[in-house]
Trainee: 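So that we are looking at the same thing, I have put the structure below in structure tokens.
Reminder, nothing fancy here: chain letters follow the sequence lines and each chain counts from 1.
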Amino acid sequence: MRNGRRFAGHWLLLPALAVPAALVGAIAGGLLRAGVALPAAGSGWLDAAVQAHSFLMICCVLGTVIAIERAVAVGHPLAFVGPSMSAGAGIAQLAWAGQLAAWLVLAASLAFVAVSVVIVRRQRAAHTGLLLLGAVCWAVGCLGYAAGLPVNEVPCWFAFLVLTIAAERLEMTRLMRRRPGTSAALAVILVALLLGAVGSGVLFGLALAALAVWLLLFDIARRTVRTYGLSRYMAVCLLLGYGWLLVAGLAWAGASRGWPLRDAALHGLGLGFVIGMVFGHAPVILPAIARVKLKFGPAWYAPLALLHASLALRLFGGLLAVGAAGNALAIAAFAATVIGAALAFQHSPSRQGQVHGTDPS
Amino acid sequence: MKHDENYPYAGPEALRQPVLNALRRVVDPEVAMTIVDVGLVYGATVTPERLHVLLTMTSAACPVAYVILDDAYAELERVAPAGMSIDVELVWEPPWTTDRMSASAKAFMGW
């Protein structure tokens with residue numbers, strides 16, 4: 001018997017169709033916002049995408065992917081209901097059914113809270129508790145967005161993403177010996193982050209920057225970057241992401257004081273940190289959720305380099321439209337790399353170099 | 001014969017080292033270490049009919065667990081005698097702690 005895994009592949013059908021559509025919509029909406037001329041400008045779906053860029057990207061794309069990841073970990077078919085709703089919300093949003101999309105995502109986020117409770121019951125630990133807290137942040141933001149409550153949804157949604165990533169890294173840092181006060185410092189930072197998300201942009205930004213410093217000091221990436229292959233690639237993604245988290249945190253605090261740093265705050269965080277993490281973890285997460293084997297090679301560094309170079313151009317070079325186009329190209333190049341890696345594995349004479357076959361010894 | 005497994009093994013001596021070697025070929029890429037070094041192997045029991053391995057994970061929220069289980073199964077399949085069934089079981093008790101890490105794993109992580 002292989003193991004007791006229950007793979008609910010049919011539950012992935014709707015997300016597999018809807019998430020790419022929501023991603024294309026979110027990217028196209030972002031490009032238009034950045035001033036890039038697109039041939040389809042003026043069409044109804046694109047106007048809807050421009051209006052709901054952050055909703056599509058955070059809730060319908062990233063929220064769905066994270067919820068699928070969690071559903072696979074739980075291994076119960078019901079856990080896939082939530083991500084199916086948030087994926088469907090992307091299509092609803094592009095079809096100008098924005099209110100329906102908002103309620104669908106709220107339902108998805110509540111389902112995600114329930115799934116996160118199952119994880120906590122399975123393993124009572126600091127990192128699973130933090131994952132649950134992140135889920136609650138997503139739900140709070142979605143409630144505000146759907147019901148029109150006076151909640152600033154964007155910091156809540158970002159808190160969801162940041163806490164989710166922080167929780168997963170916290171789990172990894174358990175492998176390193178902790179110095180006294182390390183956990184207490186993280187707790188203070190995270191409390192500040194939560195308070196900032198609901199009440200103070202300056203506090204939120206400073207907490208993000210402090211979290212970046214904490215991760216740069218204590219994450220195992222500082223050690224695994226000295227290995228090779230996929231492990232090193234993942235570490236490079238992490239360390240670059242922490243750099244952008246620091247930049248974005250300081251920019252968020254500055255933007256909250258009225259400085260013209262809004263793009264650096266939102267996209268340093270959303271692209272530099274969050275999408276950078278996606279680039280780093282997709283090679284191990286995709287085989288887990290889609291059951292597709294990927295071959296790792298140096299080509300994986302090309303989209304990563306393009307992402308960070310174009311973001312630097314956008315935020316520090318004053319070339320918003322050119323940088324945004326480069327950001328979109330980096331995501332497209334990453335998708336092409338994933339497809340190429342799957343084909344390369346299928347045509348590989350041996351399993352050497354597959355993402356789960358790297359040997360650091 | 002070289003024995004350096006950090007988990008209880010019960011079964012024929014002839015399979016002790018092949019089972020260990022198979023499990024040592026399963027790497028968690030996130031931490032760049034084998035599942036044996038991280039201390040994720042809780043035990044291996046071999047009877048004439050069955051090779052039964054208990055594995056845990058550091059996190060209940062990580063979907064990569066199932067890929068690691070599949071990789072462990074594939075590696076054990078390479079060393080198990082023909083006709084022997086292989087059972088790789090995921091367990092959560094007792095919870096994993098850093099005490100289970102090998103000396104080399106701790107050295108790599110700066111302990």
Trainee: Could you check whether any side-chain N or O of B:Thr98 sits under 3.5 Å from a backbone N or O of A:Leu175, counting only pairs where one atom can act as donor and the other as acceptor?
Mentor: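 Looks like no, no N/O pair under 3.5 Å.
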Trainee: Could you pull out the closest heavy-atom pair between B:Ala61 and A:Leu131, with the gap in Å?
Mentor: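 Minimum heavy-atom contact is CB-CD1, 3.4 Å.
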Trainee: Mind ranking A:Glu168, A:His281, A:Arg124 by heavy-atom pairs under 4.5 Å with chain B and telling me who comes out on top?
Mentor: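 Counting heavy-atom pairs under 4.5 Å, the top option is A:His281.
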Trainee: Kindly determine whether A:Met172 and B:Glu30 satisfy side chain to side chain contact (heavy atoms under 4.5 Å, CB included), including the steps that lead there.
Mentor: CA-CA 8 Å; A:Met172 289 294 149; B:Glu30 181 88 49; 3.3 Å; yes
Trainee: Side chain, backbone, both or neither: which part of A:Glu69 has a heavy atom under 4.5 Å from chain B?
Mentor: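 Both the backbone and the side chain of A:Glu69 come within 4.5 Å of chain B.
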Trainee: Quick one: what part of A:Arg169 sits under 4.5 Å from any heavy atom of chain B, side chain, backbone, both or neither?
Mentor: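 Side chain of A:Arg169 only, per the 4.5 Å heavy-atom cut-off to chain B.
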Trainee: Taking side chain as everything from C-beta outward and backbone as N, CA, C, O, which of these in A:Met176 sits under 4.5 Å from a heavy atom of chain B? Side chain, backbone, both or neither.
Mentor: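 Both backbone and side chain of A:Met176 come within 4.5 Å of chain B.
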Trainee: What part of B:Trp111 is in contact with chain A, defined as an atom under 4.5 angstrom from a non-hydrogen atom: side chain, backbone, both or neither?
Mentor: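 Both the backbone and the side chain of B:Trp111 come within 4.5 Å of chain A.
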Trainee: How far does OG1 of A:Thr227 sit from CE of B:Met33, to the nearest 0.5 angstrom?
Mentor: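 Answer rounded to 0.5 Å: 10.5 Å.
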Trainee: Tell me the closest heavy-atom pair linking A:Thr224 and B:Met109, and the distance in Å.
Mentor: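 Reported closest heavy-atom pair: CG2-CE, 4.5 Å.
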Trainee: Looking only at heavy atoms and a cut-off of under 4.5 Å, which of B:Met101, B:Met57, B:Lys106 has the most pairs with chain A?
Mentor: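 Heavy-atom pair counts peak at B:Met101.
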Trainee: Taking the basic N atoms (NZ, or NE/NH1/NH2) and the acidic carboxylate oxygens, is any pair closer than 4.0 Å for A:Lys293 and B:Asp70?
Mentor: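 Looking at A:Lys293 and B:Asp70, the cut-off is not met.
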Trainee: Any idea which heavy atoms bring B:Trp96 and A:Arg174 closest together, and the distance?
Mentor: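 Closest heavy-atom pair between B:Trp96 and A:Arg174: CE3-NH2, 3.9 Å.
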Trainee: Of all the heavy-atom pairs spanning B:Ala60 and A:Ile119, show the shortest one and how long it is.
Mentor: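 Looks like O-CD1, 3.4 Å.
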Trainee: So which atom in A:Val284 and which in B:Val64 form the shortest heavy-atom distance, rounded to 0.1 Å?
Mentor: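 Heavy atoms of A:Val284 and B:Val64 come nearest at O-CG2, 3.6 Å.
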Trainee: Applying side chain to side chain donor-acceptor pair (under 3.5 Å), which residue pairs with at least one partner in residues 108-119 of chain A are found, sequence neighbours left out?
Mentor: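 Those involving residues 108-119 of chain A are A:Arg70-A:Ser116.
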Trainee: Can you name the nearest heavy-atom pair linking A:Ser231 to B:Pro29, along with the distance?
Mentor: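 Smallest interatomic distance, heavy atoms only, reads OG-O, 2.8 Å.
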Trainee: Heavy atoms, side chains only, cut-off 4.5 Å: are A:His127 and B:Ser59 in contact?
Mentor: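 Answer yes - side chains close enough.
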